[in-house]
2 protein chains.
Amino acid sequence: MSTSNIGVSASLHDHRLPMPVPVGEYERCPVTDVLRQVSDKWTLLLLTLLGRRPYRFNELHRAVEGISPRMLSRTLRTLESDGLVDREVFPTLPPSVEYRLTPLGVSLLEPLSALADWAVDHHAEIAAVRQRPS
Amino acid sequence: MSTSNIGVSASLHDHRLPMPVPVGEYERCPVTDVLRQVSDKWTLLLLTLLGRRPYRFNELHRAVEGISPRMLSRTLRTLESDGLVDREVFPTLPPSVEYRLTPLGVSLLEPLSALADWAVDHHAEIAAVRQRPS
DNA sequence: CTGAATCCTTTGGGATACTG
DNA sequence: CAGTATCCCAAAGGATTCAG
């Protein structure tokens, strides 16, 4: 049910996108909004991992390799506040916290997967085009 | 043909994504790479417009409303250097330049459209979750 | 173990002015 | 018309340190 306030509806048939933006009257676009959330440096990877199974904080910290505790925490909090990830605290000693995808988060993986497939299929082509001399 | 050098292949069936990242040996991920290109402030809108028909520079400038000549130029150049957009110069007086999607650019609209549909269908839900007290 | 706080650098992006 | 050049600001993100 793609009823929304953003101008034109999407059409998979002719490969158009819903009109996303302030082409006159709208200040923000939910599509760009979602795109920007998902496209920061670590979100995609975290969603990928959490799509497989729940993880604890330090498990993620080890799995991602390169992420700082600060960014891991920040990214997870954002995902949580967007309803894509659930955070469950076990009051053990030492404390343990588990993160898992919400149903909403799981539902996002499907369209994201389509885009990921495209990227995998075409990134060599893009890389080639980028390198050609001017 | 999702043959690539990035670990695990995608699976629409179980909604997993290809392993995107330096979980050990890879420094960059084509998926995140593509996501970041597409998710800057103006790219999605420009791709949307160009998905409908070719545009001239100032046509885009008027259509987008809010974009500066600088960002319009920069964004178009990036899209061009990634092989998503073609730029054709007509040596008229005054000069005229037309931008249109390449076949690669067109092919990107389909998976992007899937993600856009998801965003349209769920942005209200996300907005609601965000606002709930703590 | 699971973070929060602080500081710093890099990048994205807006405003304005100018040119072939 | 189709841009480029400059300057400036705000946001993203890394490094390091500290805490419950």
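Chain letters run A, B, ... following the sequence lines, proteins first and then strands; every chain starts at 1.
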Nucleotide N/O of nucleotides 11-16 of chain C paired with protein N/O under 3.5 Å:
residue	atom	partner	partner atom	Å
C:dG13	OP1	A:R36	NH1	3.3
C:dG13	OP1	B:K41	N	2.9
C:dG13	N7	B:R70	NH2	2.8
C:dG14	OP1	B:K41	NZ	2.4
C:dG14	OP2	B:W42	NE1	3.3
C:dG14	O6	B:R70	NE	2.9
C:dG14	O6	B:R70	NH2	3.3

(Q) Just to verify, what does A:E98 make a salt bridge (charged side-chain N to carboxylate O under 4.0 Å, His left out) with, not counting sequence neighbours? (A) A:R100

Q | Pairwise distance CG(A:L115) to OG(B:S113) - rounded to 0.5 angstrom | A | 11.5 Å

**Q.** Heavy-atom closest pair, residues A:P30 and B:A119
**A.** O-CB, 3.8 Å

Distance check needed: [N] [atom2] versus [X] [atom1], whole Å only.
X	N	atom1	atom2	answer
A:L76	C:dT2	CG	P	11 Å
A:E98	C:dT2	CD	P	10 Å
A:L60	C:dG3	CG	P	10 Å

Q. Considering residues at least two apart in sequence or located in another chain, which fulfil the side-chain hydrogen bond (donor to acceptor under 3.5 Å, both in side chains) criterion with B:R70?
A. none

Q: Sequence neighbours left out, what passes side-chain hydrogen bond (donor to acceptor under 3.5 Å, both in side chains) with B:S39? Give chain and number order.
A: A:S39

Q.
Would the distance check show the side chain of A:T102 and the main-chain N or O of A:L84 forming a donor-acceptor pair, the cut-off being under 3.5 Å?
A. yes

Q) Can you list the residues that meet the side-chain contact (heavy atoms from CB on, under 4.5 Å) rule with B:R87, with sequence neighbours excluded? A) B:R77, B:E80, B:V89, B:V97, B:Y99

Q | Boundaries of the chain A footprint along DNA chain D (any atom under 4.0 Å from a heavy atom) | A | D:dG13 to D:dG20

Q) Under the salt bridge (Lys or Arg N to Asp or Glu O under 4.0 Å) criterion, do A:R36 and A:D82 qualify, and how do the steps go? A) CA-CA 13 Å; A:R36 293 185 72 109; A:D82 287 339; over 6 Å; no

Q) Does A:S73 have a side-chain nitrogen or oxygen under 4.0 Å from the phosphate oxygens OP1 or OP2 of C:dA4? A) yes

Q. With respect to the phosphate group of C:dG3, does any side-chain polar atom (N or O) of A:Y99 fall under 4.0 Å of OP1 or OP2?
A. yes

